[in-house]
Amino acid sequence: MEGLAIRASRPSIFCSLPGLGGDPQRRPPADGFLNFPASSNAAENTKLVVNSGSFHPISAVNVSTQASLTADFPALSETNEKEERINGEKKADNIVWHESSICRCDRQQLLQQKGCVIWITGLSGSGKSTVACALSKALFERGKLTYTLDGDNVRHGLNRDLTFKAEDRTENIRRIGEVAKLFADVGVICIASLISPYRRDRDECRSLLPEGDFVEVFMDVPLSVCESRDPKGLYKLARAGKIKGFTGIDDPYEAPLNCEVVLKHTGDDFSSSPRQMAENIISYLQNKGYLEG
Amino acid sequence: MSTNIFWQESPIGKTERQKLLNQKGCVVWITGLSGSGKSTLACSLSRELYTRGKLSYILDGDNLRHGLNKDLGFKAEDRVENIRRVGEVAKLFADAGLICIASLISPYRKDRDACKPFTFRLFSLKNILFDVYMNMSLQLCEARDPKGLYKLARAGKIKGFTGIDDPYESPLNCEIELKEKEGECPSPVAMAEEVIAYLEAKGFLQNQ
């Protein structure tokens with residue numbers, strides 16, 4: 001029973017409860033998904049198009065029904081248990097038998113990675129989207145599945161009903177945090193790339209996830225550098241008073257006090273390159289075991 | 001580094017993710033009365049897909065209400081907003097390349113249909129969202145009453161309960177309809193296989 005006790009720690013791979021008729025032969029696919037060879041030679045990576053010869057889909061897995069702790073969906077397990085009894089399907093009297101859902105550990109085994117949230121925070125123009133893009137590419141090359149949540153794909157969809165009022169900004173971050181949590185539960189490495197200027201809002205998102213699964217990355221770039229870049233022309237508008245409450249100009253940015261990764265602008269092209277910054281994050285993920293199942 | 005190498009700056013998109021997963025993202029939207037077997041089917045479907053090496057995820061009405069939708073109640077406008085948010089999240093999941101299984105009563109036709117034609121960037125749910133209608137009789141659902149809610153609704157302790165004193169608008173056009181055969185409900189695995197056969201025929205269980 002121990003392997004199932006704690007949700008916060010890494011779950012064991014097999015979710016079956018020994019002694020309750022669970023099938024120990026249920027084996028997730030050994031190799032997970034296609035494994036791209038991690039190429040250190042940039043010449044091979046001129047285009048991010050994968051040679052279809054390297055694909056090898058996972059072979060079918062024999063998954064028999066088994067009793068398992070559906071910690072992810074407690075309501076689901078309760079429902080299934082009662083439905084099973086009422087449907088009159090014959091089950092042994094001494095086994096509490098209900099159809100298990102696929103759990104997070106199964107998906108992580110399939111993907112050969114662990115779900116987490118990479119929360120990239122920093123001023124406008126600090127390079128969040130650039131690093132998010134480089135990170136998702138670098139992880140893709142390693143055969144890892146990521147998804148990026150940013151202002152663009154969320155503001156016009158899920159959060160299209162929200163304005164820029166203070167309470168809506170908080171709600172914006174909250175909803176993104178909840179969605180990122182879902183992605184992490186899928187087993188996806190979810191990259192959230194948002195200014196998210198208030199420490200309290202970021203900490204709230206952190207609290208939604210198990211310990212360690214929220215990786216806060218601070219783009220530590222001086223305002224002067226961000227402003228000189230001004231990729232969307234917003235600093236100019238803010239300085240001219242055409243935008244109110246713009247972070248860094250007339251609204252504060254609260255830097256993280258204790259985050260997992262700090263990407264500090266040094267002015268040195270190599271160490272500040274998007275690729276190198278992405279590799280810094282990847283080293284962190286590797287050390288913490290997120291790049292394996 | 002050679003000077004003749006050009007690093008393309010295109011971000012990783014849906015195409016790349018679908019190649020990685022060897023499947024195409026889509027949304028299986030299971031609708032039906034409370035007790036019709038939506039969660040059971042969702043579970044069975046997710047498991048059968050897993051045995052085929054396919055990545056899926058269940059968005060369950062109950063589960064979402066404790067997270068993303070915890071600020072919403074059961075008033076009509078909150079139900080609408082609940083469905084809207086689930087639809088938006090399902091779109092994101094499909095964009096990520098996942099087979100997203102949405103399992104919720106979703107009683108109003110207008111709200112289910114509202115998710116479909118919405119265009120988001122270059123990406124629409126049209127052609128990738130499939131309605132699975134659990135067409136089980138109210139009698140069967142009430143006899144099951146897995147959460148004891150019909151009993152409470154009949155006793156007047158819950159108001160506006162779908163099927164009792166709030167309508168369920170069945171889909172006019174759904175891709176898959178699952179119903180009782182001679183008063184018997186098919187097994188969860190059989191129903192899952194039917195959905196999988198559909199997805200397979202439509203090419204979602206492969207990348208090409």
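Proteins get letters first, then strands, A, B, ... in listed order; numbering begins at 1 in each.
Note that OG of A:S136 and CD of B:E16 are 9.0 Å apart. Values are rounded to the nearest 0.5 Å. Rounding to the nearest 0.5 Å gives a distance of 3.5 Å between CG of B:D95 and OH of A:Y147. Between the CD1 atom of A:I102 and the CG atom of B:L49 there is a distance of 9.0 Å, given to the nearest 0.5 Å. Annotation: the span from B:T51 atom OG1 to A:D106 atom CG amounts to 11.5 Å, rounded to 0.5 Å. Taking NZ of A:K144 as the reference point, atom CD1 of B:I12 lies at 14.5 Å (rounded to 0.5 Å).
Heavy-atom contacts from other residues, nucleotides or ligands closer than 6.0 Å to CD of A:E167 number more than 12. In the displayed structure, B:Q139 atom CD is contacted under 6.0 Å by at most 12 heavy atoms of other residues, nucleotides or ligands. Counting non-hydrogen atoms of neighbouring residues, nucleotides and ligands closer than 6.0 angstrom, the NZ atom of B:K159 reaches no more than 12 such neighbours.
Scanning for side chain to side chain donor-acceptor pair (under 3.5 Å) contacts around B:E81 gives B:R84, B:R85, with sequence neighbours left out. Under the side chain to side chain donor-acceptor pair (under 3.5 Å) criterion, A:N172 pairs with A:N159, sequence neighbours left out.
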Give the intermediate values and the outcome of side-chain contact (heavy atoms from CB on, under 4.5 Å) for residues B:L92 and A:L182.
CA-CA 11 Å; B:L92 292 171; A:L182 291 172; over 6 Å; no
Residue pair B:Y57, A:R107: steps toward the side-chain contact (heavy atoms from CB on, under 4.5 Å) verdict:
CA-CA 9 Å; B:Y57 192 73; A:R107 291 186 291 267; 3.4 Å; yes
A:R174 and B:D71: CA distance, side-chain angles, deciding distance, side-chain contact (heavy atoms from CB on, under 4.5 Å) verdict:
CA-CA 11 Å; A:R174 184 194 77 83; B:D71 59 321; 3.3 Å; yes
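B:T15 does not touch chain A: none of its heavy atoms, backbone or side chain, sits under 4.5 Å away. Looking at A:L149, only its side chain comes within 4.5 Å of chain B, counting heavy atoms on both sides.
Contact count against chain B (heavy-atom pairs under 4.5 Å) is highest for A:D161 among A:D161, A:V188, A:L139.
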